[in-house]
Amino acid sequence: MEKKLQTCLASIREKTDFKPEVALILGSGLGDYADGIQIETTVDYTEIEGFPVSTVTGHKGRFVFGNVGDVPVVIMQGRVHYYEGYPMSDVVLPTRLMGLLGAKKLLLTNAAGGINENFRPGDFMMLTDHIATGVPSPLIGPNLDDLGPRFPDMSEVYSHRIQDVIRNAASECEIDLKEGVYVQLTGPNYETPAEVRMCKIWGGDAVGMSTACEAMAARHMGMEIGGISCITNLAAGISKEKLDHKEVQETADRVSKDFKRLVTKIIET
Ligand code: HPA
């Protein structure tokens, strides 16, 4: 196993022997979900030797270990983004760690700009697939053979079984769930209208700066994945408005109650 991964894993294992079943990564503005669960223990990223620490506002940096219903979960409250300047191997290190801690399933969440004309700010979009050609693959470099194969299959990144779970959970929560393809670009700048048109021609429904890389690393290790975007704004050119991180935060705040209900229902199922 990669040295850094080994060091981080040992560092966490010194602090807790908690064995999660589900891993959850919280996106921009959705971070306070972790405060509401039955917390067993937390580990700040700064306490983990060699761990990449995030800088963007609105992202707390810690692992929260606890239970949602009777499901043991590990939550990444605040993720690491490629645009912060970390190599991709660091960006996906926390995801790999959660897998190594025992999580077999991963629920990825993010804030994203809506490309699909049927989407409105505040909508939730379940990821049916992604396009990650706008960022380098996190699997570039020597293959981590003990995690997975050199050329991993990506034909079902977002598990059809979990997609059904998410659809049913949304329906039980009476949430009008949208579905679509997520495009990851590097950021940190928002897209130009021409780039958004390109994403649309590619087949994208939403655009953001995270998630697909983590999904690739998780799929590489055989984790079963689900994904949800909070459409915090319409992407550049789809709306005439200029984009502002404040709007992203405000929309995420506005829908955070529904988000919590939905995520809890998904995990409990
Ligand atoms: N583009 C990219 N990332 C985003 C957006 C967007 O419009 N909204 C929230 N994250």
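One-based numbering, in listed order, for ligands and for the atoms of each.
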Would you say Arg13's side chain and Leu101's backbone share a donor-acceptor pair under 3.5 angstrom?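 Present.
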Would you kindly confirm whether Ile39 and Leu107 end up in one hydrophobic cluster when ILVMFWY residues are joined by side chain heavy atoms under 4.5 Å apart?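 Yes, it is one cluster - the side chains of Ile39 and Leu107 are joined through contacts under 4.5 Å.
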Do Ser159 and Glu224 have a side chain donor and acceptor closer than 3.5 Å?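 Per modelled atom types, Ser159 and Glu224 side chains form a pair under 3.5 Å.
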Scan side-chain atoms only and decide if Thr109 and Tyr33 contain a donor-acceptor pair under the 3.5 Å cut-off.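 Note: Thr109 and Tyr33 side chains miss the donor-acceptor criterion.
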Protein residues having a heavy atom less than 4.0 Å from any atom of ligand 1: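 Contacts of ligand 1 under 4.0 Å: Ala111, Ala112, Gly113, Tyr190, Glu191, Val207, Gly208, Met209, Thr232, Asn233, Leu243, Val248.
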How are the rings of Phe124 and Phe259 set relative to one another: parallel (under 30°), tilted (30 to 60°) or perpendicular (over 60°)?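 If you compare the ring of Phe124 with that of Phe259, the planes turn out tilted.
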Nearest 0.5 Å, what's the CG-NZ distance between Leu262 and Lys257?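 Here the interatomic distance stands at 14.5 Å.
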